[in-house]
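To start, the structure itself, in structure tokens.
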Amino acid sequence: MAAYRTCIIVWIALLILTGATWGVSYLDLRMGNVAVAMAIASAKAALVALYFMQLRYENRLVWAFAIFPLFFLALIIFGTLADTMFR
């Protein structure tokens, strides 16, 4: 019963974060819109990974396999940004 309750709470949090993304899209934050949208998307991805993919209950090895690709993603993003900013 507690698992269903947790899933419902996480689902409601995801809905609220989706609404926040929609609301932020109407604000004029210039480049801040992208940063806020990415932060909200990261929070939503973390909630999905932790609760719906049950990463929260896994051991450190599984955590390492889950986090390791994020470093490659960061390298790709920074490499692409560096390439486009200094052309």
[X] to [Y] - nearest heavy-atom pair and separation:
{"X": "Gln54", "Y": "Glu58", "value": "O-CG, 3.5 Å"}
{"X": "Ala43", "Y": "Leu17", "value": "CB-CD1, 4.2 Å"}
{"X": "Pro69", "Y": "Ala66", "value": "CD-O, 3.6 Å"}
{"X": "Lys44", "Y": "Thr18", "value": "NZ-OG1, 3.5 Å"}

* Decide if atom CZ of Phe65 counts as having more than 12 heavy atoms of other residues, nucleotides or ligands within a radius under 6.0 Å. => no

Could you tell me if the side chain of [Y] sits less than 4.5 Å from the side chain of [X], heavy atoms only?
{"X": "Leu73", "Y": "Phe78", "value": "no"}
{"X": "Val10", "Y": "Leu50", "value": "no"}
{"X": "Ile9", "Y": "Ile12", "value": "no"}
{"X": "Phe52", "Y": "Cys7", "value": "yes"}

Separation between [atom1] of [X] and [atom2] of [Y], rounded to the nearest 0.5 Å:
{"X": "Tyr51", "Y": "Tyr57", "atom1": "OH", "atom2": "OH", "value": "6.5 Å"}
{"X": "Leu47", "Y": "Arg56", "atom1": "CG", "atom2": "CZ", "value": "11.0 Å"}
{"X": "Ile67", "Y": "Arg60", "atom1": "CD1", "atom2": "CZ", "value": "11.0 Å"}

Is [Y] reachable from [X] through a run of hydrophobic residues whose side-chain heavy atoms are each under 4.5 Å from the next?
{"X": "Met53", "Y": "Tyr4", "result": "no"}
{"X": "Leu70", "Y": "Val62", "result": "no"}
{"X": "Val34", "Y": "Val24", "result": "no"}

* Asked: Side chain of Asn33, backbone of Leu27: donor and acceptor closer than 3.5 Å?
  -> yes

* Asked: Any donor-acceptor pair under 3.5 Å linking the side chain of Asp83 with the backbone of Phe86?
  -> no

